[in-house]
S.K.: 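What follows is a structure written as structure tokens; I'll ask about it next.
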Amino acid sequence: MEDISVEWRVRAIRGATTSSENSVEAIAEVVTELLDELEKRNDIDPEMIISATFSVTRDLDAIFPASIARQRPRWANVPLLDVQQMHVEGSLPRCIRFLIHINLPANHSEIYHPYLQGAKNLRPDWSFVS
């Protein structure tokens with residue numbers, strides 16, 4: 001009998017975006033865009049996500065990004081956490097970041113880390129597949 005088992009490993013995916021304003025609508029729009037890009041460009045199944053942590057700068061408090069993620073198809077059982085990012089004078093305002101841990105096949109080497117909107121310049125080295 002042939003062994004068709006798949007080797008898995010935990011990978012981390014980073015991403016960030018910015019919101020035009022501190023409103024439920026604006027934050028929901030950019031978080032949705034960020035997660036759409038994450039899923040599409042990495043061809044991932046949300047059920048493989050171990051956990052996701054969202055951080056926001058102190059100027060964003062209209063809604064939790066995790067509550068937006070939780071409404072997505074197949075994200076209801078993903079452990080999600082929101083935190084406020086440490087404030088550093090002069091840092092990018094209205095910024096939303098995520099760190100997602102996911103189980104991927106060991107041979108899945110390419111990861112796309114989405115940096116959108118005003119966050120594109122935070123990690124120019126990750127603006128393409130790494």
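Computed from heavy atoms alone, side chains included, the values below leave out hydrogens, waters and symmetry copies. We count residues from 1, following the sequence as given.
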S.K.: Spell out, yes or no, whether Leu99 and Tyr112 are grouped together once hydrophobic residues are joined by side-chain heavy atoms under 4.5 Å, including indirect joins.
M.R.: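 They do not share one cluster, since no chain of ILVMFWY contacts under 4.5 Å joins Leu99 to Tyr112.
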S.K.: Output a table of donor-acceptor pairs, distance under 3.5 Å, between side-chain atoms of residues 64-73 and any protein atom two or more places apart or on a different chain; print 'none' if there are none.
M.R.:
from, atom 1, to, atom 2, distance (Å)
Ser67, OG, Phe64, O, 2.6
Gln71, NE2, Ser67, O, 3.3
Arg72, NE, Glu39, OE2, 3.1
Arg72, NH1, Asp36, OD1, 3.0
Arg72, NH2, Asp36, OD1, 2.8
Arg72, NH2, Glu39, OE2, 2.9

S.K.: So Val10 and Asn103, do their side chains get closer than 4.5 Å, heavy atoms only?
M.R.: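 Yes, close enough: below the 4.5 Å cut-off.
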S.K.: Please give me the minimum heavy-atom distance between Ile27 and Ala62, naming the atom from each residue.
M.R.: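 Nearest pair, atom of Ile27 first, then Ala62: CD1-CB, 4.1 Å.
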S.K.: Less than 4.5 Å apart, side chain to side chain, heavy atoms only: is that true for Val30 and Leu116?
M.R.: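 No; the side chains remain at least 4.5 Å from each other.
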S.K.: Checking side-chain contact (heavy atoms from CB on, under 4.5 Å) for the pair Leu38/Leu34: CA distance, chi angles, key distance, verdict?
M.R.: CA-CA 6 Å; Leu38 165 78; Leu34 185 62; 6.0 Å; no
S.K.: Do His108 and Glu110 have side chains that get closer than 4.5 Å, going by heavy atoms?
M.R.: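 When only atoms from C-beta onward are counted, Glu110 and His108 do not touch, as no gap falls below 4.5 Å.
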S.K.: Rounded to the nearest 0.5 Å, what's the gap from CG on Leu104 to CH2 on Trp8? Could you check?
M.R.: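 One finds 7.5 Å between CG of Leu104 and CH2 of Trp8.
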S.K.: Measure from the side-chain N and O atoms of His113 to the backbone N and O of Arg14, and report whether any donor-acceptor pair falls under 3.5 Å.
M.R.: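 Indeed, once roles are kept as given, a pair shorter than 3.5 Å links the two residues.
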S.K.: Using side-chain contact (heavy atoms from CB on, under 4.5 Å), reason through Thr53 and Val83 one step at a time and then give a plain yes or no.
M.R.: CA-CA 7 Å; Thr53 301; Val83 297; 4.2 Å; yes
S.K.: How long is the straight-line distance from OG of Ser19 back to CD1 of Ile96, given to the nearest 0.5 Å?
M.R.: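 Separation between the atoms: 5.5 Å.
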S.K.: Which pair of heavy atoms, one from Pro114 and one from Ile13, lies closest together, and at what distance?
M.R.: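 Between these two residues, the closest heavy atoms are CD-CG2, 4.4 Å.
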S.K.: Counting C-beta onward and ignoring hydrogens, is there a side-chain heavy-atom pair between Leu80 and Trp75 closer than 4.5 Å?
M.R.: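 With C-beta onward as the side chain, the pair touches.
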S.K.: Answer yes if Leu35 and Met48 sit in the same cluster of Ile, Leu, Val, Met, Phe, Trp and Tyr residues linked by side chain heavy atoms under 4.5 Å apart, and no otherwise.
M.R.: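 In one cluster: yes.
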S.K.: So, taking the atom named CD in Glu47 and the one named CG in Asn77, what distance separates them when rounded to the nearest 0.5 Å?
M.R.: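 Answer rounded to 0.5 Å: 7.5 Å.
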S.K.: Tell me whether Leu60 shares a hydrophobic cluster with Val24, the cluster being built from Ile, Leu, Val, Met, Phe, Trp, Tyr side chains joined at under 4.5 Å.
M.R.: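 Leu60 and Val24: one cluster.
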S.K.: Calculate, to the nearest 0.5 Å, the distance between atoms CG and CD1 belonging to Asp82 and Ile63 respectively.
M.R.: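 The CG atom of Asp82 sits 9.5 Å away from the CD1 atom of Ile63.
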S.K.: Can you confirm whether the side chains of Asp59 and Asn22 place a donor and an acceptor under 3.5 Å from each other?
M.R.: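 The criterion, which ignores hydrogens and geometry beyond distance, is not satisfied for Asn22 and Asp59.
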S.K.: Taking atom CZ of Arg11 and atom CG of Asn42, what is their separation to the nearest 0.5 Å?
M.R.: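 The CZ atom of Arg11 sits 9.5 Å away from the CG atom of Asn42.
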S.K.: Regarding Thr18 and Gln117, do their side chains bring together a donor and an acceptor under 3.5 Å, going by distance alone?
M.R.: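 On atom types as modelled, these side chains do not qualify, holding no pair under 3.5 Å.
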S.K.: What pair of heavy atoms forms the shortest contact from Ala52 to Ile100, and how long is it?
M.R.: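 Taking Ala52 first and Ile100 second, the nearest heavy atoms are CB-CG1, 3.6 Å.
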S.K.: Tell me, with the steps shown, if Gln85 and Arg97 meet side-chain contact (heavy atoms from CB on, under 4.5 Å).
M.R.: CA-CA 9 Å; Gln85 187 175 301; Arg97 292 176 169 89; 2.4 Å; yes
S.K.: Can you check side-chain contact (heavy atoms from CB on, under 4.5 Å) on Cys95 and Leu122, steps first, answer last?
M.R.: CA-CA 10 Å; Cys95 187; Leu122 287 176; 4.0 Å; yes
S.K.: Determine whether a donor-acceptor pair (N or O, by modelled atom type, separation under 3.5 Å) exists between the side chain of Thr57 and the backbone of Arg94.
M.R.: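 Yes; judged by distance alone, with no hydrogens or angles, the pair exists.
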